[in-house]
Structure formats: structure tokens, C-alpha cells
Undergrad: 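Can you read through this structure? Questions will come right after.
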Amino acid sequence: MSDEFLRRSERDAEVLLGKAAQRLARSEEPGDALERALAAGTDRMFVCDSPVGEVYAAASSAGVRSIGRAASPGEFARRYRERFGRLLSWGTDAKSSDLARRLAAALAEGRGPVPIDLSGATPFARRVLETVRGIPRGEVRPYAWVAREVGSPGASRAVGSVMARNPVPLLVPCHRVVRNDGTTGQYAFGAGLKVGLLEGEGVPVRELARAPYLATPTTGIFCYATCPNARRIKPENRRPFRSARAARKAGYRPCRVCRPGE
């Protein structure tokens with residue numbers, strides 16, 4: 001390679017770099033460009049009250065992406081970075097403050113829509129989380145029900161794995177998903193807190209463990225025990241069952257509202 005060729009290449013590179021620098025100078029200050037680049041790779045963090053105490057929450061521009069407890073803001077930020085590959089900074093702007101207020105209301109009272117960012121989830125996990133988000137307050141569904149609703153019957157274990165890694169517990173109420181036998185099972189914030197949350201929503205946890213299904217001879221229908229239709233059954237007409245199979249064997253057909261089944 002000749003010396004002349006190298007000199008010509010160096011001159012061309014200098015010209016190109018000079019033009020790029022001029023365009024940058026005309027469009028924005030270097031400090032502004034750096035701030036914009038950092039903002040693009042940083043999500044917002046804030047703290048809010050919840051039924052399990054104070055929690056940290058993180059949100060992207062699309063919505064809440066993570067909720068959890070931690071020993072310190074730094075620990076929460078570290079776990080967030082390891083899971084989502086993004087940095088966190090305190091959300092002090094008006095948009096973050098408004099989202100924090102809406103999230104606190106949704107967690108405490110179950111009211112008000114809050115945007116959720118599930119872009120980091122697999123398609124299967126997203127279907128599971130979106131299905132679980134629709135379980136009404138005061139009701140529960142077993143893992144098998146969730147698996148069937150998302151089109152993967154028999155995938156109860158996979159549903160359980162998604163629940164264990166639910167990035168936004170409480171907002172996606174995985175505490176309302178119970179074992180197929182009606183017992184409450186584990187929970188990200190502790191099994192005891194799961195029971196407390198359900199009882200606070202009016203779920204008869206002990207009765208549920210004894211009989212997850214209820215039927216009535218007046219309609220010939222059986223439901224999950226927490227279904228609104230089941231709660232309207234008069235005491236003298238309540239027929240408890242340990243499984244949907246047993247209820248079907250006794251001649252009852254499934255409720256169209258809660259869609260019980262195995």
C-alpha cells in the first residue's frame with residue numbers, strides 16, 4: 001500500500017469527521033446529546049405503598065415494568081439491570097409522579113387502569129400474565145385453568161414458573177392463582193402474605209382448600225367456589241366437590257362464567 005494512498009485516505013477521513021462534527025454542532029450541543037442518550041437507556045424508579053408494605057416500582061416509557069421489595073434502592077436497581085439490561089434513575093418528573101399515584105391506588109384499592117410493559121416477556125409468558133391480570137378481585141383460579149385459557153392445557157408447571165417470575169406482582173395478581181387442589185401455594189412475597197391478601201379480598205381460603213368447587217341442584221351447574229354464581233347458592237343447595245371431574249361425574253355441567261374444568 002503506497003504512502004500516497006494512506007495520505008489520501010487520512011485526508012478523506014478528516015473531511016468526513018469534520019462534516020459529521022458540523023452536523024452535530026448544528027443539531028444539538030454535545031451535552032444535550034449525552035443527556036438524550038442516557039435518557040433513552042434509563043427507566044424511572046419510584047416508591048409507593050401497597051398491601052404488602054412499601055415497594056419499589058420501575059417504569060419504562062410504555063408502562064410499569066417491575067414491582068418488588070428490596071433492602072435498598074441500589075439493590076432493586078441492580079436486580080432490574082440484571083433482568084432487563086437497563087439502568088434506573090429516580091422519577092422526579094410530573095409523569096412519574098402521576099404514575100406512582102395511579103399505581104398506589106391500583107395496588108391498594110384495585111381501581112384505575114395502569115399501563116404495564118411486558119415487552120421483556122416471552123409470548124407464552126405474556127399470554128399467561130395478561131390472562132392472570134383479568135382474574136377479578138375476590139376470586140381465584142388454579143394453574144390448570146390459566147394453562148387452558150392460554151391454549152396450553154397441561155402446562156400447569158410452566159404457568160407456575162411464569163408466576164414465580166411475575167415482574168409486576170399485585171398489578172398482575174398472581175396471588176389469585178392457586179394450586180389445582182385449592183390450596184394457596186407459594187408466593188413471591190411469602191405464602192403467609194398470599195393468604196392475607198386473599199382473605200383481605202374476601203376469599204374463604206380454608207373452605208377453598210376443602211372444596212375448590214361448588215354445585216347446586218337447582219341449576220345443575222358447578223363453579224369455582226369463588227365465582228359470583230357460586231356465592232349466590234343458598235346454603236341448603238351447596239354441593240362441595242374436590243375436583244371438576246367429580247362434579248361432572250355427579251351430573252353437573254360447568255359454569256359459563258368461571259369456566260371450571262380439568
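Below, each value reflects all heavy atoms present in this structure, side chains not excepted, and no hydrogens, waters or symmetry copies. Bear in mind that the values here come from a model prediction, so they are computed numbers and not experimental data.
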Undergrad: Measuring from atom SG of Cys258 to atom CD1 of Ile135, what distance do you get when rounded to the nearest 0.5 angstrom?
TA: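 Taking SG in Cys258 and CD1 in Ile135, the distance rounds to 11.5 Å.
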
Undergrad: When you measure from the side chain of Ser66 to the backbone of Ala58, do you find a donor-acceptor pair of N or O atoms at a distance under 3.5 Å?
TA: no

Undergrad: Compare all side-chain heavy atoms of Pro167 with those of Arg83 and state whether any distance is below 4.5 angstrom.
TA: yes

Undergrad: Could you check Arg137 against Arg176 for side-chain contact (heavy atoms from CB on, under 4.5 Å), going step by step and ending with a plain yes or no?
TA: CA-CA 8 Å; Arg137 182 182 179 87; Arg176 296 175 191 159; 3.6 Å; yes

Undergrad: When you compare the side chain of Glu139 with that of Pro228, does any pair of heavy atoms fall below 4.5 Å?
TA: yes

Undergrad: Using side-chain heavy atoms (C-beta onward) and a distance below 4.5 Å, is Arg157 in contact with Ser161?
TA: no

Undergrad: Provide the full list of ring-ring contact (aromatic ring centres under 6.0 Å, His included) pairs with a residue in residues 228-255, sequence neighbours left out, each pair given once.
TA: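 ring-ring contact (aromatic ring centres under 6.0 Å, His included) check on residues 228-255 returns Phe241-Tyr252.
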
Undergrad: Of all the heavy-atom pairs spanning Ala191 and Gly185, show the shortest one and how long it is.
TA: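 Result for this residue pair: CB-O, 3.9 Å.
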
Undergrad: Does any part of the side chain of Phe189, heavy atoms only, come nearer than 4.5 Å to the side chain of Leu197, both counted from C-beta?
TA: no

Undergrad: When you group the ILVMFWY residues by side-chain heavy-atom contacts below 4.5 Å and let the links chain together, are Tyr187 and Val203 in the same group?
TA: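 No, Val203 and Tyr187 fall in different hydrophobic clusters.
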
Undergrad: Linking I/L/V/M/F/W/Y whenever their side-chain heavy atoms sit closer than 4.5 Å, directly or via other members, would Ile221 and Tyr213 fall into one cluster?
TA: no

Undergrad: Would you find more than 12 non-hydrogen atoms of other residues, nucleotides or ligands less than 6.0 Å from Gln186 atom CD?
TA: no

Undergrad: Between Val257 and Tyr224, is any pair of side-chain heavy atoms under 4.5 Å apart?
TA: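 Counting from C-beta outward, Val257 and Tyr224 never come under 4.5 Å.
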
Undergrad: Going hydrophobic residue to hydrophobic residue with side-chain gaps under 4.5 angstrom, can you get from Ile116 over to Val146?
TA: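 Same hydrophobic cluster.
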
Undergrad: Any side-chain to backbone donor/acceptor pair from Arg148 onto Arg259? Under 3.5 Å, distance only.
TA: yes

Undergrad: Treating Arg44 as the side-chain partner and Ser96 as the backbone partner, does any N or O pair qualify as donor plus acceptor under 3.5 Å?
TA: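 No: the side chain of Arg44 does not pair with the backbone of Ser96.
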
Undergrad: Rounded to the nearest 0.5 Å, what separation is found between the CZ atom of Arg256 and the CG atom of Asn229?
TA: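 Between Arg256 CZ and Asn229 CG, I get 12.0 Å after rounding to 0.5 Å.
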
Undergrad: Working to the nearest 0.5 angstrom, can you tell me the gap between Arg238 CZ and Leu214 CG?
TA: 5.0 Å

Undergrad: In terms of the angle between their ring planes, are Phe84 and Tyr80 parallel, tilted or perpendicular, with boundaries placed at 30° and 60°?
TA: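 It falls in the tilted class, 30° to 60°.
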
Undergrad: Side chains of Phe222 and Arg248: closer than 4.5 Å at any heavy-atom pair?
TA: yes

Undergrad: Between Ala225 and Ala230, which heavy-atom pair has the shortest distance, and what is it?
TA: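 Closest approach of Ala225 to Ala230, heavy atoms only: O-CB, 3.7 Å.
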
Undergrad: Output the distance between atom CZ (Arg127) and atom CD (Glu130), rounded to the nearest 0.5 Å.
TA: 9.5 Å

Undergrad: Do you know which two heavy atoms are closest between Cys223 and Pro260, and how far apart they sit?
TA: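 Nearest pair, atom of Cys223 first, then Pro260: CA-CG, 4.1 Å.
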
Undergrad: Start with the C-alpha gap between Leu103 and Ile67, add the side-chain angles, then the distance that decides, and say whether side-chain contact (heavy atoms from CB on, under 4.5 Å) holds.
TA: CA-CA 10 Å; Leu103 178 60; Ile67 295 173; 4.1 Å; yes

Undergrad: If you group Ile, Leu, Val, Met, Phe, Trp and Tyr by side-chain heavy-atom gaps below 4.5 Å, do Val162 and Val178 land in one group?
TA: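 No, Val162 and Val178 fall in different hydrophobic clusters.
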
Undergrad: For the CZ atom of Arg141 and the OG1 atom of Thr131, what is their distance to the nearest 0.5 Å?
TA: 11.5 Å

Undergrad: Check whether any side-chain heavy atom of Arg179 lies under 4.5 Å from a side-chain heavy atom of Pro212, and answer yes or no.
TA: no

Undergrad: Quick one, Leu107 with Asp49, criterion side-chain contact (heavy atoms from CB on, under 4.5 Å). Give me CA distance, side-chain angles, the key distance, then yes/no.
TA: CA-CA 8 Å; Leu107 297 183; Asp49 292 327; over 6 Å; no

Undergrad: Might you point out which heavy atoms bring Ser61 and Lys95 nearest each other, and give the distance in Å?
TA: O-NZ, 4.1 Å

Undergrad: Just to verify, which of Val128, Asn166, Thr184, Val132 counts as forming a side-chain contact (heavy atoms from CB on, under 4.5 Å) with Val177?
TA: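 Filter result, single survivor: Val132.
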
Undergrad: Students often mix this up, so state it plainly: with edges at 30° and 60°, are the rings of Tyr56 and Phe76 parallel, tilted or perpendicular?
TA: parallel

Undergrad: List the residues meeting side-chain hydrogen bond (donor to acceptor under 3.5 Å, both in side chains) with Arg206, not counting sequence neighbours, and say none if there are none.
TA: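 Arg206 satisfies side-chain hydrogen bond (donor to acceptor under 3.5 Å, both in side chains) with no other residue.
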
Undergrad: Less than 4.5 Å apart, side chain to side chain, heavy atoms only: is that true for Leu99 and Pro115?
TA: yes

Undergrad: Return the minimal non-hydrogen interatomic distance between Leu171 and Ala106, and the atom names on each side.
TA: CD1-CB, 4.3 Å

Undergrad: Please find the pair of heavy atoms, one from Arg69 and one from Val52, that lie closest to each other, and give the distance.
TA: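 Looks like NH1-O, 3.4 Å.
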
Undergrad: Dump the intermediate steps for side-chain contact (heavy atoms from CB on, under 4.5 Å) on Tyr143 and Asn180, then the final yes or no.
TA: CA-CA 6 Å; Tyr143 292 107; Asn180 297 331; 3.9 Å; yes

Undergrad: Assess, by modelled atom type and distance only, whether the side chains of Arg86 and Thr42 contain a donor and an acceptor separated by less than 3.5 Å.
TA: no

Undergrad: Go through the steps for Asn237 and Thr218 under the test side-chain hydrogen bond (donor to acceptor under 3.5 Å, both in side chains), then give the verdict.
TA: CA-CA 7 Å; Asn237 293 326; Thr218 59; 4.8 Å; no

Undergrad: When rounded to the nearest 0.5 angstrom, what is the spacing between CG in Leu198 and NE2 in His175?
TA: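 So the gap between those two atoms works out to 5.5 Å.
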
Undergrad: Can you hop from Val159 to Val168 via hydrophobic side chains spaced under 4.5 Å?
TA: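 Yes, it is one cluster - the side chains of Val159 and Val168 are joined through contacts under 4.5 Å.
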
Undergrad: With no hydrogens and no angle check, is any side-chain donor or acceptor of Arg126 less than 3.5 Å from a backbone partner on Ala121?
TA: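 Flag set: sc Arg126 to bb Ala121 pair under 3.5 Å.
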
